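To keep things clear, I will list the structure first and then write my remarks on it.
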Number of protein chains: 2
Amino acid sequence: MTEKEQVRFAEKANVLKALAHPTRLWMVELLAGGEKCVCEFVDKIDADFSTISKHLSVLKKAGIVADEKRGKQVFYTLKVPCLLNFMHCVEEVLKSNSKAGMKK
Amino acid sequence: MTEKEQVRFAEKANVLKALAHPTRLWMVELLAGGEKCVCEFVDKIDADFSTISKHLSVLKKAGIVADEKRGKQVFYTLKVPCLLNFMHCVEEVLKSNSKAGMKK
DNA sequence: TCAACATTTGGCTATTTTGCCAAGCATCAA
DNA sequence: TTGATGCTTGGCAAAATAGCCAAATGTTGA
């Protein structure tokens with residue numbers, strides 16, 4: 001494996017790492033329904049404002065969402081809609097797991 | 001968010017977490033070309049046998065790969081081919097990132 | 001200018017993840 | 001049986017991640 005390939009895999013892993021958290025996954029799914037401001041996330045779950053903000057920042061650094069400040073609020077949008085199709089594939093995995101009884 | 005939904009997001013996040021590692025991503029891509037035994041992975045990169053084995057076990061627990069012992073060797077196969085399409089989407093993210101100059 | 005609001009950042013501890021080494025388990029050949 | 005081979009597991013230290021609190025920042029309305 002060349003060094004270039006290694007870098008490539010690391011970059012892809014970073015994008016996945018950003019998605020690999022229950023809260024962030026939930027955020028991405030919410031964003032699929034259109035832009036949201038930070039406060040909307042905070043309202044919907046029981047988590048610290050700062051925690052939400054940090055999660056959004058992780059998604060942003062990974063290039064998954066974009067932010068835009070308007071007035072006092074910051075609105076986030078999903079930059080990469082194809083992520084939603086791919087979620088279906090993750091669901092496939094879960095389905096196959098439950099079918100298999102999924103001995104851990 | 002109901003508790004059931006929370007569990008669901010956690011499960012999906014687990015699948016993603018399993019994929020969110022450079023070495024494991026590389027393994028999945030290799031497996032896309034057909035089954036491989038553990039030794040084939042070890043041959044191809046400079047990592048401990050035990051490290052490789054543990055990575056494979058992570059993928060297996062997540063339901064992404066299946067293993068089958070034949071003789072002295074254990075062969076792994078990709079259980080969920082759709083994961084490869086989804087990789088294309090991850091590539092999209094990278095492409096969009098590099099286009100944007102990607103200020104961190 | 002001041003105060004309230006919306007959000008981000010810094011700092012910290014607790015938890016999880018990684019990857020190496022050594023030890024353990026099967027399988028097969030001699 | 002014994003030893004070699006292929007792989008997994010346990011244990012551990014180092015590194016990365018999570019989430020809370022407190023403090024800092026930027027924006028608007030009074």
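Worth saying up front: this structure is predicted, and the values here are computed from it rather than measured. Numbered from 1 within each chain, the chains take letters A, B, ... in sequence-line order.
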Whole-Å distance separating the [atom1] atom of [X] from the [atom2] atom of [N]:
| X | N | atom1 | atom2 | value |
| --- | --- | --- | --- | --- |
| A:Leu59 | C:dT8 | CG | C1' | 15 Å |
| A:Phe75 | D:dT27 | CZ | P | 14 Å |
| B:Lys17 | C:dT17 | NZ | C1' | 9 Å |
| A:Leu56 | C:dA6 | CG | P | 16 Å |
| A:Leu16 | C:dT17 | CG | P | 15 Å |
| A:Arg24 | D:dT17 | CZ | C1' | 8 Å |
| B:Gln73 | D:dT8 | CD | P | 11 Å |
| B:Ile52 | D:dG6 | CD1 | P | 15 Å |

Notebook entry, point to check: Is B:Val7 reachable from A:Val93 through a run of hydrophobic residues whose side-chain heavy atoms are each under 4.5 Å from the next?
Noted result: no

Margin query: Please tell me whether B:Phe49 and B:Val58 are part of a single hydrophobic cluster in this structure, the criterion being side-chain heavy atoms less than 4.5 Å apart.
Written below: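 In one cluster: no.
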
Item checked: Base versus backbone protein contacts along nucleotides 21-30 of chain C [heavy-atom cut-off under 4.0 Å; B, S, -] -> BB----BS--

Margin query: Using the rule given for side chain to side chain contact (heavy atoms under 4.5 Å, CB included), can you reason through B:Lys17 versus A:Leu16, listing the C-alpha separation, both sets of side-chain angles and the distance that settles it, and then say yes or no?
Written below: CA-CA 7 Å; B:Lys17 238 188 278 184; A:Leu16 288 170; over 6 Å; no

Item checked: Atom pair CD/SG of A:Glu68 and A:Cys37 - distance to nearest 0.5 Å ->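 The distance works out to 12.5 Å.
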
Does [X] come within less than 4.0 Å of [Y], counting only side-chain N to carboxylate O?
| X | Y | result |
| --- | --- | --- |
| B:Lys12 | A:Glu29 | yes |
| B:Glu92 | A:Lys79 | no |
| B:Arg8 | A:Glu91 | yes |

Check: So A:Lys44 and A:Trp26, side chain to side chain contact (heavy atoms under 4.5 Å, CB included) or not? Walk me through it.
Finding: CA-CA 11 Å; A:Lys44 284 196 168 69; A:Trp26 168 74; 3.6 Å; yes

Check: Using a cut-off of less than 4.0 Å, is there contact between a side-chain N or O of A:His55 and OP1 or OP2 of D:dT17?
Finding: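 Answer is no, no contact under 4.0 Å.
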
Check: In residues 25-46 of chain B, what residues come within less than 4.0 Å of DNA chain D, judged by heavy atoms?
Finding: B:Cys37, B:Val38, B:Cys39

Notebook entry, point to check: What nucleotide among D:dG19, D:dC7, C:dA6 has an atom nearest to a side-chain atom of B:Phe49?
Noted result: D:dC7

Item checked: the helix from C:dT1-D:dA30 to C:dA30-D:dT1: angle between end helix axes, five pairs per end, rounded to 10 degrees ->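 If I round to tens, the end axes sit 20° apart.
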
Checklist line | Check: A:Asn85 side chain, B:Phe86 main-chain N or O, donor-acceptor pair, under 3.5 Å | finding: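 Such a contact is absent between A:Asn85 side chain and B:Phe86 backbone.
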
Item checked: Exam field: side chain B:Arg70 to backbone B:Phe75, donor-acceptor pair closer than 3.5 Å ->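 No.
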
Note to self: If the test is side-chain contact (heavy atoms from CB on, under 4.5 Å), which one of B:Asp67, B:Leu78, B:Ile64 qualifies with B:Leu59?
What the structure shows: B:Ile64

Margin query: Need one value for B:Tyr76: base, sugar-phosphate or nothing, where a base atom within 4.0 Å counts as base even if backbone is also close, heavy atoms only.
Written below: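 Sugar-phosphate, no base atom in range.
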
